[in-house]
Every structure is written in C-alpha cells, then in structure tokens.
Amino acid sequence: MTGTSHPDWLASLRRVARAKADAAGLPTRRDEAWKYTDVAALGVGSFLLAEQPRGAVPEVAPLGDTIRLLLVNGNLVAAPDEPLPAGVVVDRLDSGFSAGVVQAHLGQVIPADAKSLATLNSALFADGVVLRIGAGVKVDRPFEIVSFGQGGDEPVAFHPRCLVVVEEGGSATLIERHLGSGSYFSNSVVEIALADGASLHHYKQQDEAAHAVHVATTGVSLAGGARYAGVLVQTGARLARHEVHAALGGQDASFGLDGAYLGAGQQHLDTTTFVNHVAPGGASRQVFKGVLDDQARGVYQGTVLVQRGAQKTDAHQLSKALLLSPHAEMDGKPELEIYADDVKCGHGCTVGDIDETALFYLRARGIDEATARHLLIEAFLAEVLDQIEVEPVRQAFAAVLGERLEGAHATRRSDDHRQG
Amino acid sequence: MLEIRNLHASVDGREILKGIDLTVPAGEVHAVMGPNGSGKSTLSYVLAGRDGYEVTAGSATYKGQDLLAMKIEERARQGVFLAFQYPVEIPGVTGVNFLKTAVNAVRRSRGESELDAMQFLKLARKKAKELGVGEEMLRRAVNTGFSGGEKKRYEALQMALLEPSFMILDETDSGLDIDALRVVAEAVDAFRNPQRAMLVITHYQRILDYIVPDKVHVLAGGRIVQTGDKDLALELERSGYAQFVGQAA
C-alpha cells in the first residue's frame with residue numbers, strides 16, 4: 001500500500017505525522033522518557049523501509065483455535081477467510097468500511113508527542129488493521145495477530161499498526177505476537193479503545209529475531225467500567241521497548257498489566273508505562289518480573305498519574321528483577337504523581353538474586369543446582385503467566401520461557417565442563 | 001554409617017563447632033540435645049552441606065565416603081536427608097513438580113528408572129495418605145501457606161518418597177502441638193530399620209518419647225560434653241542445661 005490510495009483524512013493524518021517525525025528525529029537519551037534506552041544508536045534511522053514481502057509466507061502455528069491475521073514486515077498477507085461472529089469487523093484501516101470508527105480513534109488513543117516513535121509509525125505504516133467488536137458482542141474465540149519480521153541482506157524497518165475498538169459491553173481476547181528472522185526494526189503501534197463496560201484480554205508475545213529491534217507503543221483508553229487485562233512476555237530482540245499509555249477516563253475502569261521478561265547475552269529490554277487516572281474509582285495494577293543473565297539489561301519506568309478528580313483510585317505497580325550474573329543490570333524508576341487525596345497507591349521495585357535458602361532446600365532433596373535454579377526462575381515468572389486465561393497461550397508462552405532458560409543452562413553447563 | 005571426627009566449623013568467621021566426635025552405626029537412633037546456641041543447627045547444616053557453613057578441621061565419613069567433599073544434592077542422592085526445622089516456602093513451585101523432580105533425581109543416581117507422571121502420582125498419593133497429608137497439599141506450592149504441622153508432615157512425606165538411609169531431624173518438634181508431634185514422630189519412627197540410622201536434634205525431650213534413641217549426646221559450646229542412653233534425656237528434662245553451659249565455657 002502506498003499513501004496515494006489512502007482516503008483523504010488518512011493521507012492528511014500521515015502527512016502531519018511525517019512532518020512532525022521528520023522535524024523531531026528519533027528520540028535520544030537526552031529525552032527523559034528514553035534515558036535508559038538508546039534506539040538511535042542502533043542505526044535504525046538508516047534502515048530501509050521494508051517493501052512488500054516476496055516469497056513464501058512464513059509458517060507460524062496458531063495458538064489454539066483463533067481468528068488469525070498475519071502481517072509480514074507490516075503488510076497484511078493473511079486475513080481470516082471464515083465467517084466472523086455477528087457484530088465483529090476485521091478489516092484494513094483504509095478500506096472505508098469502518099471509516100467512521102477508524103477516523104474517530106486512529107491516532108487519538110496515544111497522546112500526540114512529536115518525538116514518539118508512534119508518530120513515525122503514523123507516518124509510515126503500510127497496512128493497518130482494525131478490529132471492531134460491536135456493542136454487547138462477546139467473542140469467545142481469541143483474535144491472533146502475528147507480526148513477522150523478515151530481514152534481508154540489508155536491515156529493514158517496518159511499522160505494524162493495529163486499532164482495536166470494543167464498543168459498549170463488548171468483550172474479546174487479543175493475542176499479539178511478534179516473531180521474525182534476520183535483522184530488522186519493527187516499530188509497532190496498537191491502539192485500544194474500550195467503551196463503557198467493554199473488556200479486553202490482551203496477551204502479547206515479543207519473541208523477535210535475535211538481531212531485531214522492537215519498539216512498541218500501546219495505547220489503551222478506558223471508558224466507564226471498562227476493563228483491560230494485559231500480559232506481556234518478552235524474550236526476543238537485541239533491543240526491545242514496550243511503551244504503554246493507559247487513560248482511565250471513565251469511572252470505575254480497571255487496567256491490569258503483568259509482564260515477564262527474560263534477557264540474556266547483550267539484550268536490552270525496556271518496559272515503560274504511563275497510567276493516567278482521570279476519573280474516580282479506577283483501579284490499576286502492574287506487576288513486572290524480569291530475569292536477566294549475562295550482560296543483559298532491563299529497564300522499568302512506570303509513571304502513575306492520579307488526577308485531582310480521580311478519588312478512590314487504587315493503583316499499584318511492582319517491578320521485580322532477578323539478576324543471574326554480576327554483569328546484568330536493572331534500572332527501575334517507578335513514579336507516583338498524586339493530586340487526589342482519597343486514594344490507595346503503592347509501588348515497589350526490587351532487584352535481587354535467587355533465594356539461596358530455597359535453592360538449598362531443593363538441592364537438599366537431590367535436585368541438581370541448575371535444575372533447582374530453573375524451577376525457582378519458572379516459579380518467579382509463574383505469577384505473571386498464571387494471569388493468562390487462555391490455556392494454549394499460557395502453555396506456549398511458558399514453553400518459550402522454559403526453552404530459553406534451558407538454553408542458558410545448557411551453555412552454562414558446557415562452560416562448567418570446559419573450566420572443570 | 002556416619003563417623004564424625006574432630007569436626008570444627010565456622011559461620012561468618014566465628015567458630016561454632018569446636019571438635020565434634022560422633023559415630024552413628026546403621027540401625028541406631030542418636031539424639032543430640034543441647035541448649036540454644038550450642039551448635040545443634042550448625043551441625044545439621046554442615047552435614048547437609050549448606051553454603052556459608054565452613055568446615056575448618058576434622059572429617060565426616062558417610063558409608064565410608066568423605067561426606068564433606070560431596071555437593072549438597074550428591075549427599076541427598078546418597079541417602080542423607082535433612083528434615084528442616086523451618087521448611088522453606090517456595091511460591092510458584094507445585095508440590096507435585098518438586099517431589100517428582102526430587103524423586104527422579106534420586107532414582108537416576110541409584111540407577112533406577114524414572115517414574116512417569118502417572119506412576120509418580122500413584123506413589124505420592126499412597127504415601128501422602130499414609131501420613132495424613134491431604135491430596136490438595138500436593139497440588140499447592142511447596143510449603144506455601146502451610147501450618148507448622150503441615151510443614152513437618154510434608155517433610156515426613158519427602159522422607160517417605162526419597163527413602164534415605166541417614167536422616168537428620170533438626171528440631172522437628174518445634175512449632176508442633178502435642179497431637180501433630182505424635183503424628184510426625186510416629187511416622188518418622190516407622191522408618192527405622194536395621195539399614196537406616198537417624199540423628200534427632202532437639203532441645204526438648206518429648207519427641208524422644210516417640211522416637212526412642214539408642215544414645216543421647218549433649219552438645220554444649222560446640223562440643224559433645226556427655227553421652228548416655230535414653231535416660232540422659234529424661235534427666236536433662238528435669239535438671240536443664242545449666243550445668244553444661246558452665247562446663248563448656
């Protein structure tokens with residue numbers, strides 16, 4: 001898709017975004033929100049914009065019985081061909097079929113910030129996808145959007161884009177997966193608009209290729225009584241940043257996000273969240289658990305803003321990291337900004353090693369040290385995975401974490417062998 | 001089965017065990033009694049191999065092998081079992097997963113075939129029932145949210161599944177009411193046989209009503225200061241440890 005065939009309003013949105021992005025350039029570490037993560041240094045600014053993919057469509061096994069869409073380098077290559085449940089629309093952003101809904105929300109859910117990579121996405125995305133769940137429609141089958149990156153001889157850049165609109169009282173489950181091969185820069189944007197009483201379970205897997213750079217901006221707007229429950233599992237990419245902007249604009253809205261990440265080698269995994277409590281009675285809960293080995297680096301920046309009118313807010317954020325190597329590093333920066341006086345807010349940030357007492361207990365029952373560590377790390381991450389209510393998804397995410405842990409142990413065992 | 005010779009051990013550079021000599025032959029139960037701070041728990045941790053407990057002199061030989069040279073898990077696989085005074089809560093690791101991993105690790109080291117999920121469950125259920133451990137405890141996370149009595153019964157269950165030959169009971173009576181103590185102690189006593197030996201470490205005599213020892217040693221100031229038969233335990237219950245505390249200093 002090229003800009004010329006877009007409807008006028010969309011073409012104009014892209015032009016404005018392009019001008020802003022060109023003027024602002026990529027964020028650098030001088031920008032407060034990017035203090036710990038240097039995306040420009042990786043040269044992504046000079047990656048070629050990916051073209052329409054050629055060749056075979058990559059095979060990715062679905063996670064159970066899902067309504068599936070496949071994007072390759074940001075281009076939609078497979079959409080569901082079966083009849084969709086009544087009241088559900090899955091479409092390209094520019095098709096015009098849902099133009100009113102798209103126009104009302106696209107680019108509106110994430111706060112406009114010229115330096116944001118979301119702006120760059122608006123300027124450059126290829127095919128966008130819209131999921132629309134009608135009022136009162138409850139969809140049991142999960143939607144599964146797979147973004148597959150295919151790096152070629154030269155590293156490429158692409159900008160997957162997705163808009164999810166759940167109307168009054170509707171509910172759905174979205175599985176979002178980022179996979180790939182080779183060297184590429186994926187700059188994804190997902191905007192989620194939940195109307196009164198709407199609910200979304202959102203399970204995201206970031207398991208990009210080892211040389212990939214992954215930046216994702218997710219916006220969630222919640223109207224009265226709306227509920228968002230997200231789980232994020234990050235294992236891939238050499239540099240990844242997941243940035244979330246949630247706005248609890250309606251009364252008694254609920255936002256939950258649990259994250260598990262596993263970094264090894266030189267990986268850099270950044271989770272940055274902004275939760276904005278605007279209306280009273282809102283609840284937000286964030287729990288992030290990371291395991292960092294070798295020289296891996298983790299970042300958690302979490303800002304919770306409770307505005308003057310947001311009385312009776314219940315907001316909690318917790319970041320826990322296990323460092324398995326003396327060279328691994330974790331930067332945590334939880335921030336609470338509270339302007340209402342009748343609220344319950346809490347935050348915590350811990351960085352530690354594996355519990356030696358638990359390790360001794362397991363070994364005292366005959367379990368070797370590597371397996372005991374594996375069990376304890378899996379247990380540490382289990383709290384996050386247990387939030388996933390779709391069993392094939394939980395199993396698949398857990399299996400990837402397990403494989404990576406197993407891989408790290410295998411390396412360590414062979415190191416021991418060499419040294420011993 | 002176990003021979004300890006002139007064992008000295010330090011924690012954080014401070015000497016706690018100051019020359020222990022102790023021999024426990026197969027088929028016997030020995031009690032080690034002593035006041036708080038005498039080195040009872042240090043002795044059990046040194047025998048199990050816990051990090052931070054540094055042996056500075058002496059030896060411990062188990063079935064003719066150098067126990068102190070073995071890794072923690074190796075000692076367990078060779079049949080040494082420490083029943084913890086404070087069993088560790090491990091949220092997120094289910095009992096079934098933990099117990100099956102442990103049982104199969106021990107079986108592998110003995111050259112036995114591993115149990116599959118079904119075989120293991122069948123065995124675990126049978127042993128759990130014998131010990132009055134509810135089946136739901138197998139599904140829960142290890143020791144997490146268990147009462148004091150449940151934790152000690154869970155230790156006994158692990159013992160029953162791993163079938164060790166040398167058991168160290170570290171203040172197993174602590175945190176137990178009389179009824180729970182009887183259940184756990186009788187279960188442990190049922191493991192006694194001519195091929196097994198036991199070291200019962202305790203402050204109080206009452207557990208020895210159920211696990212009647214062949215010998216009683218008094219540990220004070222990091223040394224065994226007196227050895228006798230089961231009557232010594234009763235005498236200590238009456239007279240207390242004051243005489244030994246003075247003696248050790």
Side-chain angles (χ1 to χ4, degrees), chain A residues 231 233 258-260 262 287-291 318 320-322 348 350 352-388 394-395 397-399 401-402 405-406 409 412-413 416-417 419-420, chain B residues 44-45 47-53 70-110 112 114 141-144 151 154-155 157-164 167-168 170:
Chain A
V231 177
V233 174
D258 287 70
L262 193 59
V287 176
F288 292 94
K289 291 196 163 183
V291 177
L318 178 65
K320 283 184 164 183
L322 279 184
T350 66
D353 197 353
I354 283 186
D355 178 355
E356 287 299 325
T357 315
L359 194 59
F360 172 59
Y361 190 73
L362 295 175
R363 294 179 69 192
R365 297 300 177 250
I367 300 171
D368 67 87
E369 186 176 354
T371 305
R373 284 181 175 274
H374 190 141
L375 278 174
L376 292 173
I377 294 168
E378 278 186 337
F380 173 71
L381 299 174
E383 186 190 350
V384 170
L385 292 173
D386 286 349
Q387 300 294 321
I388 300 176
R394 196 193 62 76
Q395 282 179 10
F397 287 13
L401 285 169
L405 282 172
E406 195 51 55
H409 288 149
R412 186 153 303 131
R413 270 195 291 267
D416 288 350
H417 189 69
Q419 284 162 12
Chain B
S44 64
Y45 285 146
L47 294 177
R50 185 167 191 166
D51 288 345
Y53 291 75
M70 296 181 202
K71 286 184 181 175
I72 301 164
E73 55 267 36
E74 191 50 36
R75 299 177 197 207
R77 291 172 189 181
Q78 296 287 331
V80 176
F81 183 96
L82 169 63
F84 281 62
Q85 181 180 5
Y86 303 109
V88 183
E89 298 199 3
I90 311 182
V93 177
T94 63
V96 171
N97 191 11
F98 159 60
L99 297 170
K100 180 167 170 272
T101 307
V103 165
N104 279 334
V106 171
R107 288 180 67 93
R108 258 199 319 272
S109 76
R110 290 177 186 158
E112 297 166 2
E114 293 188 27
V142 175
N143 288 319
T144 307
K151 282 180 180 168
Y154 202 64
E155 294 290 290
L157 173 63
Q158 294 168 42
M159 195 184 286
L161 286 167
L162 298 175
E163 301 183 322
M167 289 151 269
I168 306 158
D170 186 6

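So that the names make sense, note that chain A is the first sequence line, chain B the second, and so on, each numbered from 1.
- Remark: of the listed residues Arg77(B), Glu74(B), Lys71(B), Arg77(B) is the sole one forming a side-chain contact (heavy atoms from CB on, under 4.5 Å) with Asp368(A).
- The two atoms that bring Ala364(A) and Ala76(B) nearest to each other are O-CB, 3.3 Å, heavy atoms only.
- Between Val106(B) and Gly366(A), the shortest heavy-atom distance links the atoms CG2-CA, 4.4 Å.
- Considering CZ of Arg50(B) and CZ of Arg363(A), their distance stands at 12.0 Å, rounded to 0.5 Å.
- Within the 4.5 angstrom heavy-atom criterion, only side-chain atoms of Val142(B), from C-beta onward, approach chain A.
- Within the model, atoms CG of Asp51(B) and OG1 of Thr357(A) stand 10.5 Å from one another, a figure rounded to the nearest 0.5 Å.
- Ring centroids of Phe360(A) and Phe84(B) are separated by less than 6.0 Å, placing the two rings close together.
- Under a 4.0 Å N-O distance rule, the pair Arg365(A)/Glu155(B) qualifies as a salt bridge.
- Contacts of Glu369(A) with chain B are made by both backbone and side-chain atoms, with heavy-atom separations under 4.5 Å.
- Per-residue heavy-atom pair counts under 4.5 Å with chain A were compared for Val103(B), Val80(B), Thr101(B), Thr94(B), and the maximum is reached by Thr101(B).
- Interface residue Leu162(B): only side-chain heavy atoms are found under 4.5 Å from chain A.
- Residue Asn97(B) touches chain A through its side chain alone, counting heavy-atom pairs closer than 4.5 Å.
- Of the atoms belonging to Pro164(B), not a single heavy atom falls under 4.5 Å from chain A.
- Between the CG atom of Asp355(A) and the CD1 atom of Ile90(B) there is a distance of 7.5 Å, given to the nearest 0.5 Å.
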Starting from the C-alpha separation in whole Å, work towards a yes-or-no answer on side chain to side chain contact (heavy atoms under 4.5 Å, CB included) for Phe98(B) and Leu375(A).
CA-CA 8 Å; Phe98(B) 159 60; Leu375(A) 278 174; 5.5 Å; no
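- A pairwise comparison of heavy atoms in Ala379(A) and Val93(B) identifies CB-CG2, 3.4 Å as the closest pair.
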